[in-house]
Amino acid sequence: MTGEAPAHVLVLGGTTEGRALAAALDGRPSLRVTSSLAGRVAHPRLPAGQVRIGGFGGPDGLAAWLRAEGVTAVVDATHPFAAGMSRNAALAAAATGVPLLVLRRPGFAPVPGDRWHPVPSLTAAAELLPGLGRRVFLSSGRQGIGAFAHLDGLHFLARSVDPPEPPVPSSIEVLLDRGPFTLDGERALLRDHRIDVVVTKDSGGAATAPKLTAARELGLSVVVVVRPPVPEGVPVAADVGGAVRWLERTV
Ligand code: NAP
């Protein structure tokens with residue numbers, strides 16, 4: 001990372017890893033870092049350094065942005081379920097020749113005692129739920145709550161950063177909160193609300209894993225939505241250190 005003009009790195013963020021990467025790169029004189037957020041959360045935790053907010057306008061818009069801003073490398077540190085953005089990044093990188101890395105934390109790993117039901121989508125999770133329980137803890141994000149809106153016989157406790165928008169299930173209690181969460185807190189939450197089934201995406205990461213431990217301890221079923229694949233041919237780093245090393249080799 002030497003030379004006269006600093007290399008320009010675009011970090012597609014909205015995650016703990018995106019913020020940690022921006023913090024790790026902040027202040028390096030050989031780098032200019034821009035973090036990009038979608039603008040979904042009303043009061044986002046902002047990464048260190050320069051930040052831009054809002055969509056680019058599809059893969060073509062992103063490619064135009066990369067060219068106009070002289071971007072030398074892109075790190076896609078978006079959430080594992082932000083598949084549209086990851087696809088756009090892969091297409092824009094291929095169109096412009098800008099190197100792209102996906103920074104993706106490992107998924108949750110089941111351990112003995114877990115009663116997990118893997119499903120391919122939130123819709124499939126909704127189909128499975130009536131056979132598994134009556135009181136559901138939904139921690140799959142406010143954007144997907146509509147997939148459960150028709151399940152009138154079930155009660156939902158939904159946790160999200162911002163309030164969900166309709167449609168939502170007829171019996172729902174919304175808990176506005178954001179991680180990290182503790183094991184004690186998750187245990188108490190599941191017990192106090194008499195939850196008998198949990199729905200989660202396989203987001204991975206320490207911030208949201210305690211609910212899985214609490215569910216295992218309480219013998220609850222957990223419906224786990226499996227991750228969409230990373231776009232083909234794009235290298236992946238599992239942690240911030242790996243992304244920094246890739247950048248040191250690449251720019
Ligand atoms: P998505 O469906 O993959 O993306 C939809 C569109 O949102 C993209 O085409 C893009 O618009 C815009 N977008 C997404 N991420 C962006 C970013 N970092 N910077 C600028 N534009 C972005 O994404 P999503 O699942 O709605 O997630 C949106 C954001 O929330 C992501 O940044 C993600 O990291 C974060 N997040 C998502 C989840 C989740 O469960 N999906 C959970 C936690 C955080 P244009 O086509 O106009 O460029």
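Sequence positions, counted from 1, serve as the residue numbers for this chain. For clarity, every value in this text was computed on a predicted model and none was experimentally measured. Heavy atoms only: backbone and side chains are in, while hydrogens, waters and symmetry mates are out.
By the 4.5 Å heavy-atom criterion applied to side chains, Val41 and Arg178 are counted as neighbours. Using a 4.5 Å heavy-atom cutoff, the side chains of Val222 and Val198 are in contact. Considering only heavy atoms from C-beta on, Ser203 comes within 4.5 Å of Arg105 through its side chain. Taking the side chain as every heavy atom from C-beta outward, Leu46 and Leu37 approach each other to under 4.5 Å. In this structure, the side chains of Phe156 and Ile145 stay at 4.5 Å or more apart for every pair of heavy atoms. The shortest distance between side-chain heavy atoms of Leu62 and Met85 falls below 4.5 Å. Contact of the Pro169 side chain with the Leu151 side chain is not registered, since no non-hydrogen atoms from C-beta on lie closer than 4.5 Å. In this structure the side chain of Leu157 reaches within 4.5 angstrom of the side chain of Leu189, judged on heavy atoms.
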Arg28 vs Glu248, test: salt bridge (charged side-chain N to carboxylate O under 4.0 Å, His left out). Steps then yes/no. CA-CA 11 Å; Arg28 294 194 183 204; Glu248 286 170 347; 3.0 Å; yes
Determine, stepwise, if the pair Leu190 / Glu217 fulfils side chain to side chain contact (heavy atoms under 4.5 Å, CB included). CA-CA 11 Å; Leu190 297 179; Glu217 288 178 2; over 6 Å; no
Check step by step if side chain to side chain contact (heavy atoms under 4.5 Å, CB included) holds for Leu138 and Val199. CA-CA 5 Å; Leu138 263 191; Val199 177; 3.6 Å; yes
Please walk me through it: do Leu10 and Phe56 pass side chain to side chain contact (heavy atoms under 4.5 Å, CB included)? CA-CA 12 Å; Leu10 173 65; Phe56 295 93; 4.2 Å; yes
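Cluster annotation: Val174 is connected to Leu122 through the hydrophobic network of ILVMFWY side chains, with a link wherever side-chain heavy atoms come within less than 4.5 Å. A continuous path of ILVMFWY side-chain contacts below 4.5 Å connects Leu25 to Val75, so both sit in one hydrophobic cluster.
For the atom pair CG (Asp26) and CG (Leu31), the distance works out to 10.0 Å, reported to the nearest 0.5 Å.
Between the side chain of Arg52 and the backbone N or O of Gly54 there is at least one donor-acceptor pair closer than 3.5 Å. In this structure a side-chain-to-backbone donor-acceptor pair under 3.5 Å is missing from His193 to Ile195.
More than 12 heavy atoms of other residues, nucleotides or ligands sit less than 6.0 Å from atom CZ of Arg227. Other residues, nucleotides and ligands contribute more than 12 heavy atoms inside 6.0 Å of the NE2 atom of His150.
In terms of heavy-atom proximity, Ala238 sits nearest to Pro106 at O-CD, 3.8 Å. Across every non-hydrogen atom of Gly133 and Val197, the tightest pair is CA-CG1, 4.0 Å.
Of the options Lys211, Arg159, Glu186, Lys201, a side chain to side chain donor-acceptor pair (under 3.5 Å) to Ser139 is made by Lys211 and by none of the others.
Contact check on Arg32 versus Glu69 returns a salt bridge, with a Lys/Arg side-chain nitrogen under 4.0 Å from an Asp/Glu carboxylate oxygen. Under the 4.0 Å criterion applied to side-chain N and carboxylate O atoms, Arg135 and Glu173 are not assigned as salt-bridge partners.
Between Trp65 and His8, the ring planes are tilted. Angles from 30° to 60° get that label.
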